[in-house]
Amino acid sequence: MLKTKTRAQGRSIVVTLPAEDGATVFPGKEYLVSYGNDGTIVLIPKIEDPFANITEGAFYESDVWEDMPAVGKEVLDD
């Protein structure tokens, strides 16, 4: 297991990540940071908008409940 130590830099806390063969952390890459209640810190790689180049209707699903009759106290939109 690799070890690291935090340090203060201005108003930020810096964590230096040790280099390791096969690591997928690269300089200049952006990450989202999540702090857990138990002290864990999770780095999530930021990705480009997955919906940026999608054509209209690409995720359309037909309404399978459309012809289902009401059988109880459901509220139906007319």
Side-chain angles (χ1 to χ4, degrees):
M1 183 177 292
L2 302 172
K3 286 186 178 181
T4 191
K5 194 179 228 184
T6 60
R7 61 185 168 85
Q9 184 173 346
R11 295 183 50 147
S12 298
I13 300 295
V14 176
V15 177
T16 303
L17 300 175
E20 183 176 28
D21 289 338
T24 58
V25 179
F26 301 102
K29 190 169 184 175
E30 289 188 68
Y31 292 87
L32 303 174
V33 180
S34 175
Y35 295 101
N37 292 335
D38 61 354
T40 58
I41 301 171
V42 178
L43 298 176
I44 305 161
K46 184 177 177 188
I47 61 172
E48 296 298 321
D49 183 0
F51 303 105
N53 298 318
I54 301 297
T55 58
E56 186 175 339
F59 296 104
Y60 174 79
E61 292 185 19
S62 61
D63 189 0
V64 296
W65 304 102
E66 187 174 50
D67 298 325
M68 181 82 64
V71 294
K73 297 181 179 180
E74 295 94 340
V75 176
L76 301 176
D77 292 334
D78 289 331

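It should be emphasised that the depicted structure is a prediction, and the values quoted were computed from it without experimental measurement.
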Are more than 12 heavy atoms from other residues, nucleotides or ligands located less than 6.0 Å from atom CG of D49? yes
Q9 meets the side chain to side chain donor-acceptor pair (under 3.5 Å) criterion, sequence neighbours left out, with R7
Residues 14-35 vs ring pair (Phe, Tyr, Trp, His ring centres under 6.0 Å), sequence neighbours excluded, gives none
If you count every heavy atom of other residues, nucleotides or ligands that lies below 6.0 Å from N37 atom CG, does the total exceed 12? no
Under 3.5 Å, is there a donor-acceptor pair between the side chain of T4 and the main chain of L17? no
Are any non-hydrogen side-chain atoms of V14 and T6 less than 4.5 angstrom apart? no
Could you tell me which non-hydrogen atom of P45 sits nearest to which non-hydrogen atom of K29, and how far apart they are? CB-CE, 4.0 Å
Are V15 and V33 connected into the same hydrophobic cluster when the rule is that any two of I, L, V, M, F, W, Y join if their side-chain heavy atoms are below 4.5 Å apart? yes
